[in-house]
Colleague: 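Please see the structure below; I have some questions.
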Amino acid sequence: MDLEKGGSVFVICHQAVLRCIVGYLLDIPVEEIPYIKIPLHTVIKIVPTAYGCEREDIKFGISSAITHRDKQSVESIEKRLIDAGINKVGSTYLWNGLLS
């Protein structure tokens, strides 16, 4: 990738896109990329090292909402679906309104 060839690059993008870029550069497993913490109002500096890259967060001190969500267990997700009126039939989830 051109980002790895040298020189400085400044990227401004959505948090989801930044998670993908940070995940790639830090060699984070694909399954963990949606859960990388990307705080608002922060410059994320990625510095190449001999065996990968290091991340440094530079915060601007602006208060904002925390938008990070931890990875949930399958049981937690299934409970939220059931609470919302969605039932599991085999390997498919159906909304109660569609069952009647």
Side-chain angles (χ1 to χ4, degrees):
M1 177 185 266
D2 287 338
L3 290 174
E4 299 169 311
K5 292 183 180 175
S8 297
V9 177
F10 189 73
V11 178
I12 300 173
C13 60
H14 189 274
Q15 284 178 303
V17 175
L18 194 51
R19 281 186 186 94
C20 294
I21 294 170
V22 169
Y24 173 80
L25 293 173
L26 298 180
D27 198 27
I28 295 173
V30 173
E31 302 83 21
E32 298 301 318
I33 288 177
Y35 308 104
I36 297 172
K37 290 185 179 179
I38 303 292
L40 297 173
H41 311 298
T42 303
V43 171
I44 298 174
K45 182 178 177 182
I46 305 291
V47 179
T49 63
Y51 299 102
C53 293
E54 290 182 359
R55 173 181 168 169
E56 177 187 349
D57 289 5
I58 304 165
K59 300 183 184 295
F60 284 105
I62 300 170
S63 63
S64 62
I66 296 172
T67 59
H68 176 76
R69 296 185 94 175
D70 290 325
K71 188 174 183 178
Q72 298 180 10
S73 67
V74 172
E75 295 80 18
S76 170
I77 294 169
E78 287 180 346
K79 181 184 180 318
R80 288 179 46 210
L81 290 172
I82 290 168
D83 290 347
I86 299 170
N87 294 317
K88 187 174 184 178
V89 178
S91 62
T92 305
Y93 290 93
L94 296 174
W95 177 50
N96 283 338
L98 297 175
L99 297 175
S100 53

Colleague: Tell me whether Y35 is reachable from V22 by hopping between hydrophobic residues (I, L, V, M, F, W, Y) whose side-chain heavy atoms are closer than 4.5 Å.
Modeller: no
Colleague: Nearest 0.5 Å please: distance from the CD1 atom of I58 over to the CD atom of E56.
Modeller: 4.5 Å
Colleague: Look up atom NZ in K37 and atom CZ in R19, then write down how far apart they are to the nearest 0.5 Å.
Modeller: 11.0 Å
Colleague: Answer with yes or no whether the hydrophobic clustering places V17 together with Y24; edges join I, L, V, M, F, W, Y residues whose side-chain heavy atoms lie under 4.5 Å apart.
Modeller: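 V17 clusters together with Y24.
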Colleague: CG/L26 to CD1/I21 distance, rounded to the nearest 0.5 angstrom?
Modeller: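 Rounded to the nearest 0.5 Å, the CG-CD1 separation comes out at 11.5 Å.
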Colleague: Is there a side chain to side chain contact (heavy atoms under 4.5 Å, CB included) between V43 and F60 once you walk through the steps?
Modeller: CA-CA 8 Å; V43 171; F60 284 105; 3.4 Å; yes
Colleague: What do you reckon, is NE2 of H41 surrounded by more than 12 foreign heavy atoms closer than 6.0 Å?
Modeller: yes
Colleague: Does V47 reach the side chain of C53, with side-chain heavy atoms less than 4.5 Å apart?
Modeller: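 The answer is no; the side chains never approach within 4.5 Å.
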Colleague: Check whether any side-chain N or O of R55 sits under 3.5 Å from a backbone N or O of I46 as a donor-acceptor pair, and report yes or no.
Modeller: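 The answer is no, because no donor-acceptor pair under 3.5 Å joins these two groups.
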Colleague: Just by modelled atom types, is the I38 backbone N or O under 3.5 Å from a matching donor or acceptor in the Q15 side chain?
Modeller: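 Here the side-chain-to-backbone pair exists.
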Colleague: Would you indicate whether E54, at its atom CD, is surrounded by more than 12 heavy atoms from other residues, nucleotides or ligands within a distance under 6.0 Å?
Modeller: no
Colleague: Looking at I12, I'd like to know if its CD1 atom is crowded, meaning that more than 12 non-hydrogen atoms belonging to other residues, nucleotides or ligands lie closer than 6.0 Å.
Modeller: no
